[in-house]
Amino acid sequence: QVQLLESGGGLVQAGGSLRLSCAASRRTFGTYAMGWFRQAPGKERDIVAAISWNDATTYYTDSVKGRFTISRDNDENTLYLQMNNLKSEDTAVYYCAATGFTGIWTEPGRYNYWGQGTQVTVSS
């Protein structure tokens, strides 16, 4: 069992930045591929970015490429999402998730563990 706790969300103006963090409860964090997802009201939960267990491979959905950066610190059991040049359409609840599957995954169903989410609101 892995417990995940997100932090760093909040209200920011368009063009601003936020850094999300996801703290994991287990030292085996370094063996899990990780992902950031987001869900806006009335919409499905969608992938934002994903990273392999060893930081060798990353994935970004097209709408955030060049603006968001996913990273991880396996020594600190923490996942990050640096979000720059935020837009109103980035407004959503952001979730981190962990998967024991090898590789990198974009489907929510591939992830075994989820955090409770953190709200990001971008005002225009």
Side-chain angles (χ1 to χ4, degrees):
Q1 189 78 8
V2 177
Q3 294 182 329
L4 303 172
L5 182 62
E6 302 96 337
S7 61
L11 174 64
V12 63
Q13 289 187 334
S17 297
L18 284 174
R19 189 192 195 199
L20 305 184
S21 298
C22 173
S25 62
R26 295 192 64 176
R27 294 182 180 179
T28 53
F29 168 80
T31 65
Y32 291 91
M34 301 293 296
W36 285 102
F37 290 78
R38 65 186 178 187
Q39 188 168 20
K43 295 188 177 182
E44 295 183 348
R45 189 172 298 187
D46 292 326
I47 186 74
V48 176
I51 189 167
S52 59
W53 69 273
N54 61 355
D55 207 3
T57 307
T58 57
Y59 166 87
Y60 297 93
T61 194
D62 286 345
S63 62
V64 309
K65 286 180 180 177
R67 300 188 298 123
F68 290 12
T69 303
I70 189 171
S71 62
R72 64 190 298 161
D73 185 336
N74 288 345
D75 291 335
E76 296 294 329
N77 297 337
T78 304
L79 176 73
Y80 301 100
L81 185 68
Q82 177 67 43
M83 305 186 295
N84 299 327
N85 191 22
L86 282 160
K87 304 176 181 181
S88 58
E89 52 262 44
D90 295 318
T91 295
V93 178
Y94 283 71
Y95 299 88
C96 69
T99 175
F101 288 104
T102 302
I104 194 167
W105 301 97
T106 62
E107 303 91 340
R110 287 287 186 175
Y111 287 79
N112 311 99
Y113 306 104
W114 293 84
Q116 86 292 343
T118 185
Q119 177 71 48
V120 171
T121 303
V122 184
S123 63
S124 57

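Atoms considered below: every heavy atom in the structure, side chains included; atoms not considered: hydrogens, waters and symmetry mates.
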Q | Between CH2 on residue W53 and OG1 on residue T102, distance to nearest 0.5 Å | A | 10.0 Å
Q. Do you know which two heavy atoms are closest between A92 and A40, and how far apart they sit?
A. CB-N, 3.9 Å
Q) When rounded to the nearest 0.5 angstrom, what is the spacing between CD in Q119 and CG in L11? A) 9.5 Å
Q. Which atom pair, heavy atoms only, marks the closest approach of L79 to C96?
A. CD2-CB, 4.0 Å
Q.
Please check this pair: side chain of S52 against backbone of T57, looking for a donor-acceptor N/O pair closer than 3.5 Å.
A. yes
Q: Could you pull out the closest heavy-atom pair between G100 and N112, with the gap in Å?
A: N-OD1, 2.8 Å
Q. Under the 3.5 angstrom rule, does the side chain of Y60 hit a backbone N or O of I70 as a donor-acceptor pair?
A. yes
**Q.** Heavy-atom closest contact (V2 atom, A24 atom, distance)
**A.** CG1-CB, 4.3 Å
Q | Considering all heavy atoms, the nearest S124-A14 contact | A | CA-CB, 4.2 Å
Q.
Quick check on Q13: does its CD atom have over 12 non-hydrogen neighbours (other residues, nucleotides or ligands) under 6.0 Å away?
A. no
Q: Of all the heavy-atom pairs spanning N84 and S17, show the shortest one and how long it is.
A: OD1-OG, 2.9 Å
Q: Using the six-membered ring of F29, assess whether NZ or CZ of R72 lies under 6.0 Å from its centre and within 45 degrees of the ring axis.
A: yes
**Q.** V48-V12 co-clustered via ILVMFWY side chain contacts under 4.5 Å
**A.** yes
Q: Please round to the nearest 0.5 Å and tell me the distance separating atom OG1 of T58 and atom CE of M34.
A: 14.5 Å
Q | L86/F68 under side-chain contact (heavy atoms from CB on, under 4.5 Å): CA gap, chis, key distance, verdict | A | CA-CA 9 Å; L86 282 160; F68 290 12; 3.8 Å; yes
Q: Anything under 30° is parallel, anything over 60° is perpendicular, the rest tilted; go ahead and classify Y111 against F37.
A: perpendicular
Q | Gap separating the OH atom of Y113 from the OG1 atom of T99, nearest 0.5 angstrom | A | 9.5 Å
Q.
Between V122 and E89, is there a side-chain heavy-atom distance shorter than 4.5 Å?
A. no
Q | L81/R38 under side-chain contact (heavy atoms from CB on, under 4.5 Å): CA gap, chis, key distance, verdict | A | CA-CA 12 Å; L81 185 68; R38 65 186 178 187; over 6 Å; no
Q. Do Y80 and L18 belong together in a cluster built from hydrophobic side chains that touch within less than 4.5 Å?
A. no
Q. Any sub-3.5 Å donor-acceptor pair from E6's side-chain atoms to L20's backbone N or O?
A. no
(Q) More than 12 heavy atoms of other residues, nucleotides or ligands under 6.0 Å from CD of Q116: yes or no? (A) yes
Q) In terms of hydrophobic clustering (I, L, V, M, F, W, Y; side-chain heavy atoms under 4.5 Å; direct or indirect links), are Y32 and Y95 co-clustered? A) no
**Q.** Spacing of T69 atom OG1 and M83 atom CE [to the nearest 0.5 Å]
**A.** 11.0 Å
Q. From Y59 OH over to I104 CD1, what is the distance, rounded to the nearest 0.5 angstrom?
A. 9.0 Å
Q) Is the backbone of V120 close enough, under 3.5 Å, to the side chain of D90 for a donor and an acceptor to pair up by distance? A) no
Q: Could you tell me whether the side chain of W114 and the main chain of L4 form a donor-acceptor pair under 3.5 Å?
A: no
